[in-house]
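Worksheet: the structure to be examined is printed underneath.
No hydrogens, no waters, no symmetry mates; every other heavy atom, side chains included, goes into these values.
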Amino acid sequence: MGALPAVFGLLVLCTAFTVLRPVFLTPGNLANLFTQGAAVTVIAMGLVFVLLLGEIDLSAGYTSGVCAAVLAVLLTNHGVPWYLAVLACLVTGVVIGFTLGFLRAKVGIPSFVVTLAAFLAFQGIALLLVKGGANISIRDTVILSIANKNVPPLVGWLLAAACVAVYAVIQIVQANNRARRGLTRTPVALVAARIGGLAVLLGIGVWVLNLERSRNAAFVSLRGVPIVVPLIAILLVVGTFVLARTKYGRHLYAVGGNAEAARRAGINVDLMRMSVFAVCSTMAAIGGIIAASRANSVDPNTGGSTVLLLAVGAAVIGGTSLFGGKGRVLDAVLGGAVVAVIENGMGLLGYSAGVKYVVTGLVLLLAAGVDALSRRRGSVAGLR
């Protein structure tokens, strides 16, 4: 079934919220949707790698907070240039991830226990970094622009055209490779439909986001695709390539499907486990940068509250299995969109935070149920 349930759910939710609250589909609200769900989506993209092995990282939310605190302290308190602060933030994420992975793979502590301990410890580390609860403002214009600025309208069109061109090349190459191996060739009409569909979707999106969103355009203009959109697109492309087109990605799916069989096939299972936690924590660090940019500051609650739960929910809602062996980075993006739409749409309708959590929980339960049923059918059919 893959991501089809998430896509269907996303269409249903968008249609319902548009009917009930037409302002949902306005350019300003759509742009807000992208920035609102960006941090959770990026963290969820990293969690996909961990979930592929049937592991879990309960510390991903507060990892993003700790990394964001490192960024803010270096930028604001020590005047470090933004690129060095970002590098330190990412290195912090890598170190955290490899440490958690080492404890899981080499020491043998279950990932639930290791990351739960980190979840608790990182709250204290965040408090220490920000001096017991102070709010550290971020003034660097480059960091602030990540979640608060837009690319010029022309650049948005160029990026969309580049995406369509790259996708077209990939589709044509794949079709030719299948024909070269003597496999059934993908129908030309289907390839054209895929390329045309992406072109239409991106074209509509860029056109809408290029419309003026400011209430007073003479004072300040708000046009263009939010910068976080191409950032997430780049992460999506890189993550998809790694999982689908590299030996490392094939090894991850093999370990997630059957760790013992993968070990006997010569795959270094321990190294795979350590690497996925490093990837997850690094993505959490990027999510922390986005969250800090959107809030214009960092405090001990950055990455806390429901960030982790929403990120795990996003990955599962999108189609990633909690049992390992099944998942794509695209799942996190689709699931993150579902979570953001629920939160945004129900907020426009005036529902309380409690109602939002209940609805999001029910959607997550439904997604997990679909995954469990599909696995049961596969088991009965002898596929697993």
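Summarising the local packing, CZ of Arg245 is surrounded by 12 or fewer heavy atoms from other residues, nucleotides or ligands at distances under 6.0 Å. Within a 6.0 Å radius of CZ in Phe112, no more than 12 heavy atoms belonging to other residues, nucleotides or ligands are found. Counting heavy-atom neighbours within 6.0 Å of Tyr351 OH, excluding the residue itself, gives a total of 12 or less.
With hydrophobic clusters built from ILVMFWY side chains whose heavy atoms lie under 4.5 angstrom apart, Leu202 does not share a cluster with Val237. Residues Val338 and Leu349 share a single hydrophobic cluster, defined by chaining ILVMFWY side chains whose heavy atoms lie under 4.5 Å apart. The same ILVMFWY cluster, assembled from side-chain heavy atoms under 4.5 Å apart, contains both Val107 and Ile96. Transitive grouping of hydrophobic side chains (ILVMFWY, heavy atoms separated by less than 4.5 Å) keeps Val166 and Leu235 in distinct clusters. Hydrophobic clustering of Ile, Leu, Val, Met, Phe, Trp and Tyr side chains at less than 4.5 Å, counting indirect connections, keeps Phe241 apart from Ile170.
One finds the NZ atom of Lys149 at 10.5 Å from the OG atom of Ser293 (value rounded to the nearest 0.5 Å). Considering CZ of Arg223 and CD of Glu212, their distance stands at 6.5 Å, rounded to 0.5 Å. Rounded to the nearest 0.5 angstrom, Asn148 CG and Asn296 CG are separated by 5.0 Å. Interatomic distance, Met274 CE to Lys106 NZ, rounded to the nearest 0.5 Å: 5.0 Å.
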Query raised in the report: Hey, mind stepping through Phe49 and Ser275 against side chain to side chain contact (heavy atoms under 4.5 Å, CB included) and telling me if it holds?
Result: CA-CA 9 Å; Phe49 284 78; Ser275 69; over 6 Å; no
Report task. With side chain to side chain contact (heavy atoms under 4.5 Å, CB included) as the test, would you mind laying out the steps for Lys326 and Tyr253 before giving the verdict? Result -> CA-CA 7 Å; Lys326 174 189 171 188; Tyr253 284 111; over 6 Å; no
Report task. List the steps and the verdict of side chain to side chain contact (heavy atoms under 4.5 Å, CB included) for Ser297 and Ile136. Result -> CA-CA 5 Å; Ser297 64; Ile136 303 178; over 6 Å; no
Query raised in the report: Given Thr141 and Trp82, is the side chain to side chain contact (heavy atoms under 4.5 Å, CB included) satisfied, shown in steps?
Result: CA-CA 9 Å; Thr141 56; Trp82 70 267; over 6 Å; no
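A donor-acceptor pair shorter than 3.5 Å cannot be found between the side chains of Tyr62 and Thr302. Side chains of Arg213 and Asn150: a donor-acceptor N/O pair is present below 3.5 angstrom, by distance only.
A donor-acceptor pair under 3.5 Å is formed between the side chain of Thr76 and the backbone N or O of Ser137. Although no hydrogens or angles enter the test, the distance criterion places no donor-acceptor pair under 3.5 Å between the side chain of Thr306 and the main chain of Leu309. No donor-acceptor pair under 3.5 Å is formed between the side chain of Ser281 and the backbone N or O of Ala278. The main-chain N or O of Ile143 is found under 3.5 Å from a side-chain atom of Asp140 such that the two form a donor-acceptor pair. Side-chain atoms of Thr240 come within 3.5 Å of backbone atoms of Leu236 as a donor-acceptor pair (strictly under, hydrogens ignored). Between the side chain of Asp331 and the backbone N or O of Gly327, no donor-acceptor pair lies under 3.5 Å. A distance-only check finds a donor-acceptor pair linking the side chain of Ser214 to the backbone of Val220 [under 3.5 Å].
Screening Val114, Val312, Thr115, Leu51 for a side-chain contact (heavy atoms from CB on, under 4.5 Å) with Asp57, the sole residue that qualifies is Thr115. Across Ser111, Pro110, Cys280, a single residue satisfies side-chain contact (heavy atoms from CB on, under 4.5 Å) together with Glu55, and that is Ser111.
Using a 4.5 Å heavy-atom cutoff, the side chains of Val359 and Met346 are in contact. Looking at heavy atoms from C-beta onward, Ile146 lies in side-chain contact with Ile290 at the 4.5 angstrom threshold.
A centroid separation of less than 6.0 Å is found between the aromatic rings of Phe24 and Phe17.
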